[in-house]
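Notes for the one structure printed next.
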Amino acid sequence: MSATELRTVSIIGTGSYIPEKVVTNADLAKIVDTTDEWIVSRTGMKERHMARPDEAASDMGAAAARKALEAAGVTADQVGMIVCASITPDMPFPSTACYVQRLIGAHNAFCLDITAACSGFIYSLELARNAIACGQVDTALIIGTEKLTGVIDWQDRQTCVLFGDAAGAAVLSARGAPHGIRATSLGSDGRLAELLMLPGGGSRHPTSAETIAQRLHYMKMSGREVFKHAVTRMVEACQKALAKAGAKVEDVDLVIPHQANLRIIEAIGHRLGVATDKYFINLEKYGNISAASIPVALDEAVRGGRVKKGDTIVLVAFGGGFTWGSAVLDWDKE
Ligand code: ACO
């Protein structure tokens with residue numbers, strides 16, 4: 001199929017799910033040596049949410065997916081593909097996407113998980129866009145869902161204050177306006193994998209009493225290093241995606257960045273040249289929710305009236321791998 005025959009693809013519905021339990025900075029100060037002042041000044045975060053012990057990534061993903069389908073006016077049996085992005089899947093296999101399929105009854109879909117950490121939603125968007133553009137499926141459901149409170153080391157103040165649990169979802173379809181998702185730019189650098197990882201429990205370090213004693217089943221992060229790379233790569237990804245879309249920074253109505261740190265977002269804003277009031281920020285309520293970060297923010301922006309028909313939106317993320325990505329889209333829904 002030549003490029004001219006490719007279909008344009010749009011997001012036609014969004015949804016999110018936030019677990020009820022709130023963990024404040026003051027709560028964390030009772031567990032580790034930290035303060036509300038440190039967390040707010042270094043990250044901008046005030047609260048995060050925590051899933052119930054019986055709630056898995058697929059449960060949260062399914063709750064977000066149901067809302068996205070409802071908003072899109074699409075029934076579960078019309079979904080041809082489910083992509084689930086998560087670093088906290090229900091289990092190594094079957095995929096979390098297959099569990100979501102079962103929970104929502106999307107029995108005509110093929111399902112897969114992807115691991116791209118905090119960039120997972122943008123990677124999913126691109127996979128689903130391609131599948132729809134070339135006619136493999138008509139409608140796709142993409143989900144970012146994370147139960148990070150289950151994989152953070154509650155003795156490590158450098159990481160445990162940063163993360164939370166949530167899920168977000170979007171429905172993609174070919175029945176959209178002329179533009180929809182205009183361009184994406186994705187990248188990875190495995191040479192820096194060790195700076196942000198969860199080393200235990202896979203084939204490199206299968207779970208054993210020793211790996212547990214070494215706390216390898218918890219996330220490890222070299223925060224300062226990650227910070228520097230995040231700023232550089234997110235700015236670069238936005239610039240590349242905007243160039244591919246034929247858009248300028250002046251055309252951008254809203255930037256939805258991965259919500260890892262307010263200072264990262266401010267640094268990107270400064271370098272990219274998009275006015276600060278055009279950045280959607282909700283990290284004070286949820287902390288870093290990895291792959292769920294962008295779809296939750298997008299859903300809040302849509303439902304809160306921050307996004308209007310015709311707006312040009314930039315999504316941008318950076319995460320473990322390293323992975324990064326940006327997408328430029330025109331919002332074509334009322
Ligand atoms: N409370 C109090 N003090 C703390 C805490 C805490 N919770 N955590 C660290 N500190 C201390 C450190 O020990 C250090 O003390 P020292 O100077 O005596 O050694 C001091 O605070 C400064 O530590 P830094 O790590 O340099 O702090 P920084 O300003 O870099 O902020 C942070 C740390 C918030 C982690 C930041 O580096 C960051 O946001 N990094 C990027 C995170 C990110 O983008 N991740 C990507 C996505 S995540 C994913 O893919 C799953």
Side-chain angles (χ1 to χ4, degrees), residues 23-48 57 85-89 114-124 144-167 186-190 192-199 217-237 257-269 281 283-284 286-294 296-297 315-326:
V23 179
T24 64
N25 291 348
D27 294 330
L28 292 169
K30 291 177 199 153
I31 304 171
V32 287
D33 180 15
T34 192
T35 59
D36 176 57
E37 195 279 328
W38 191 94
I39 302 172
V40 172
S41 64
R42 305 299 259 211
T43 72
M45 296 167 188
K46 294 180 181 161
E47 297 176 347
R48 65 288 295 142
S86 186
I87 52 168
T88 51
I114 64 154
T115 305
C118 305
S119 313
F121 184 79
I122 296 179
Y123 275 51
S124 305
T145 180
E146 301 285 10
K147 188 175 179 177
L148 294 156
T149 58
V151 299
I152 47 182
D153 186 343
W154 291 99
Q155 293 179 12
D156 175 14
R157 69 175 183 173
Q158 302 196 22
T159 52
C160 79
V161 303
L162 304 174
F163 297 96
D165 304 333
L186 306 178
S188 307
D189 190 348
L192 300 168
E194 279 74 21
L195 294 176
L196 178 50
M197 69 194 312
L198 195 161
H217 54 301
Y218 292 128
M219 190 194 298
K220 320 280 175 204
M221 179 167 77
S222 307
R224 215 174 296 182
E225 285 300 307
V226 175
F227 190 113
K228 282 190 285 186
H229 290 282
V231 174
T232 311
R233 293 302 192 182
M234 285 165 88
V235 170
E236 188 185 285
H258 171 49
Q259 309 280 315
N261 189 318
L262 186 57
R263 291 186 293 135
I264 292 180
I265 297 173
E266 286 167 351
I268 296 167
I281 294 165
L283 56 77
E284 71 282 2
Y286 308 127
N288 183 343
I289 45 177
S290 191
S293 172
I294 287 181
V296 166
L315 312 178
V316 61
F318 180 88
F322 288 149
T323 57
W324 57 88
S326 177

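Note that ligands are numbered from 1 as they come in the structure, with each ligand's atoms numbered from 1 the same way. The residues of the chain are indexed from 1 along the displayed sequence.
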Inset, instruction - Could you name each residue pair satisfying side-chain hydrogen bond (donor to acceptor under 3.5 Å, both in side chains) that touches residues 144-155, not counting sequence neighbours? - result: Ser86-Glu146, Thr88-Glu146, Glu146-Ser290, Thr149-Asp165, Asp153-Arg215
Please tabulate, one line per pair, the protein nitrogen or oxygen atoms found under 3.5 angstrom from a nitrogen or oxygen of ligand 1, with distances to 0.1 Å, or say none if there are no such pairs.
from     : atom 1 : to     : atom 2 : distance (Å)
ligand 1 : 1 (N)  : Thr34  : OG1    : 2.6
ligand 1 : 3 (N)  : Trp38  : NE1    : 3.3
ligand 1 : 3 (N)  : Arg157 : NH1    : 3.4
ligand 1 : 7 (N)  : Thr34  : OG1    : 3.1
ligand 1 : 7 (N)  : Arg157 : O      : 2.9
ligand 1 : 13 (O) : Arg157 : NH2    : 3.1
ligand 1 : 21 (O) : Trp38  : NE1    : 3.3
ligand 1 : 26 (O) : Arg224 : NE     : 2.6
ligand 1 : 26 (O) : Arg224 : NH2    : 2.8
ligand 1 : 29 (O) : Arg42  : NE     : 3.1
ligand 1 : 29 (O) : Arg42  : NH2    : 3.2
ligand 1 : 29 (O) : Arg263 : NH2    : 2.8
ligand 1 : 31 (O) : Arg263 : NH2    : 3.4
ligand 1 : 37 (O) : Gly223 : O      : 3.1
ligand 1 : 39 (O) : Asn261 : ND2    : 2.7
ligand 1 : 40 (N) : Gly223 : O      : 3.0
ligand 1 : 50 (O) : Gly320 : N      : 3.0

For residues 223-237, which side-chain donor-acceptor pairs fall under 3.5 Å, sequence neighbours excluded?
from   : atom 1 : to     : atom 2 : distance (Å)
Glu225 : OE2    : Lys228 : NZ     : 3.1
Thr232 : OG1    : Lys228 : O      : 3.0
Arg233 : NH1    : Glu236 : OE1    : 3.4
Arg233 : NH1    : Glu236 : OE2    : 2.9

Legend entry - Distance, nearest 0.5 Å, that separates SG of Cys160 from OH of Tyr218: 11.0 Å
Inset, instruction - Please round to the nearest 0.5 Å and tell me the distance separating atom CD1 of Ile87 and atom CG of Leu198. - result: 7.5 Å
Could you list the donor-acceptor pairs under 3.5 angstrom formed between side-chain atoms of residues 32-42 and any protein atom two or more places apart in sequence or on another chain?
from  : atom 1 : to    : atom 2 : distance (Å)
Thr35 : OG1    : Trp38 : N      : 2.9
Asp36 : OD1    : Asn25 : ND2    : 2.9
Ser41 : OG     : Glu37 : O      : 2.9
Ser41 : OG     : Trp38 : O      : 3.3

Inset, instruction - Would you mind reporting whether Asn288 and His258 have side-chain heavy atoms less than 4.5 Å apart? - result: yes
